[in-house]
Amino acid sequence: MKKLFSFILVFMFVFLPLSAGKAKKKDGVFHRPDTNEVILVGKIIVQADFDKDFIAKSRLLTQKELDSPNVHTAPIFNKNSNFRYDISMSKALKEVDRFRDGEYFYMTYEIPKDRYIELKYLLYYFMSTPKLCTIIPLAINFYVPEGVNALYLGDFSYNVKEKNDFYASETAVSYNIEKAQKFLDEETDHYELVKADWKRNRHSRIIDYTKVTGSPDNSVIFYGGFGRDLKAKTNYYIFSEVSPIILHPDQASKETKFFVSEPVSPGSVYVLRTWRDYNCYNFYFNEQNSPLTVKIPVEPGLYYFGFYDAFNSIEKQKPVKLDSNSKALRREALEAVLECYKGTEWEDYIRKELEKN
């Protein structure tokens, strides 16, 4: 357990909200948002299935920290779909940024020109300390109707389990707009809450390989590895296509250390944007500092991009290989691809590639 929780001493780079600021009172009265702003209201509830006391004590926390509540930030906001991430170190969690688990948060956000807001995740701090920090995925987007000053997102429940590598899995979303409205009225002047008609973001945590489009005649599947060693699995990858930024595919590798893409366009270019290893170290990159760029061949088929040393690559901001394209490792990677694409039109093609290896 101690080893698994070494993730919490963060190597975490986070994208802090660019335009979100806590909706503050002014002389006891809430400061009215501008016409291009909207208040977002919601609730985060986390159930943790592990021994928090043991973990906290193993991190040498003070008694004050042990007595502190679990808190979280407001959702991370990208102003528009073409926004290119900036990288910054996680700042110290300030009192003004804290929202307690199980209590409503409310924040004022700038409305983009197209009036669509995409919320990806928020940061959750057990016992209010960055030493025990994890990511809570939201992955929702919605349109802000004209004339609406306040939107209610809902009450989101999550479970963090040791056996699930401490990933926060959503368990339920419930709605109590009357209770949320009462909370907002107590904190601010009255703003009529409207339930947000949100949808899930395009990319899900795990690719459903049976439903992807593209065939061996017109697409490329790229595969390989990026990890701390040749044995350890990786929990999470996100690659993005360069120009325009299209965040796909993303994938959680629960049973394999390899990344397997969905079929992509020949000749395209992808950069690694997010990497999360089995010990829950979280890294985020942009196009300029990404340690791994994958140039997809112009010919359709399969493309093995190799296996890279994650920490050395991140430190040097360039790819450092862990293997020398060994035949055995490439075959192991191909078997992972086959496992993903069994029952699809790619299966025979992949089996033929395995026969060659």
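Just so it is clear, the values below take in all heavy atoms, side chains as well, and ignore hydrogens, waters and symmetry mates. Note that this is a predicted model, so its numbers are computed, not measured.
Between Phe305 and Tyr303, the distance from one ring center to the other does not fall under 6.0 angstrom. Proximity of the aromatic rings of Phe239 and Phe222 is defined here by a centroid distance below 6.0 angstrom, and this criterion is met.
Of the possible donor and acceptor atoms, one in the side chain of Ser290 sits under 3.5 Å from a partner among the backbone N and O of Leu272. Counting only distance, with no hydrogens or angles, the side chain of Arg115 and the backbone of Tyr143 share no donor-acceptor pair below 3.5 Å.
Leu338 and Phe307 fall within the same hydrophobic cluster, where Ile, Leu, Val, Met, Phe, Trp and Tyr residues are linked whenever their side-chain heavy atoms come under 4.5 Å apart, directly or through other members. Val194 is connected to Ile140 through a chain of hydrophobic side-chain contacts under 4.5 Å among Ile, Leu, Val, Met, Phe, Trp and Tyr, so both are in one cluster. By the criterion of side-chain heavy atoms lying less than 4.5 angstrom apart, applied directly or through intervening Ile, Leu, Val, Met, Phe, Trp or Tyr residues, Ile45 is not grouped with Leu122; the two fall into different hydrophobic clusters.
No more than 12 heavy-atom neighbours from other residues, nucleotides or ligands sit within 6.0 angstrom of CG on Asp197. Within 6.0 Å of atom CD in Glu315, 12 or fewer heavy atoms from other residues, nucleotides or ligands are found, so the atom counts as exposed in its surroundings. Heavy-atom neighbours of Gln47 CD from other residues, nucleotides or ligands within 6.0 Å: at or below the threshold of 12.
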Would you please test Lys182 and Glu178 for salt bridge (Lys or Arg N to Asp or Glu O under 4.0 Å) and show each step? CA-CA 6 Å; Lys182 181 180 178 181; Glu178 293 82 8; over 6 Å; no

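Taking the ring centre of Tyr104 as origin, the terminal cationic atom of Lys43 falls inside the region bounded by 6.0 Å and 45° from the ring axis.
For the pair Glu335 and Arg331, the salt-bridge criterion is met [side-chain N within less than 4.0 Å of a carboxylate O]. A salt bridge links Glu353 with Lys356: the closest approach of a Lys/Arg side-chain nitrogen to an acidic carboxylate oxygen falls below 4.0 angstrom.
Between Tyr223 and the options Phe258, Tyr341, Phe259, Tyr304, a ring-ring contact (aromatic ring centres under 6.0 Å, His included) holds for only Tyr304.
Proximity of Phe126 to Thr134: side-chain heavy atoms (C-beta onward) are separated by under 4.5 Å at one or more points. Proximity of Met127 to Asn70: side-chain heavy atoms (C-beta onward) are separated by under 4.5 Å at one or more points. Residues Phe105 and Ile44 have side chains in contact (heavy-atom distance under 4.5 Å, counting atoms from C-beta outward).
Applying the side-chain hydrogen bond (donor to acceptor under 3.5 Å, both in side chains) test to Glu345 and every residue at least two apart in sequence or in another chain returns nothing.
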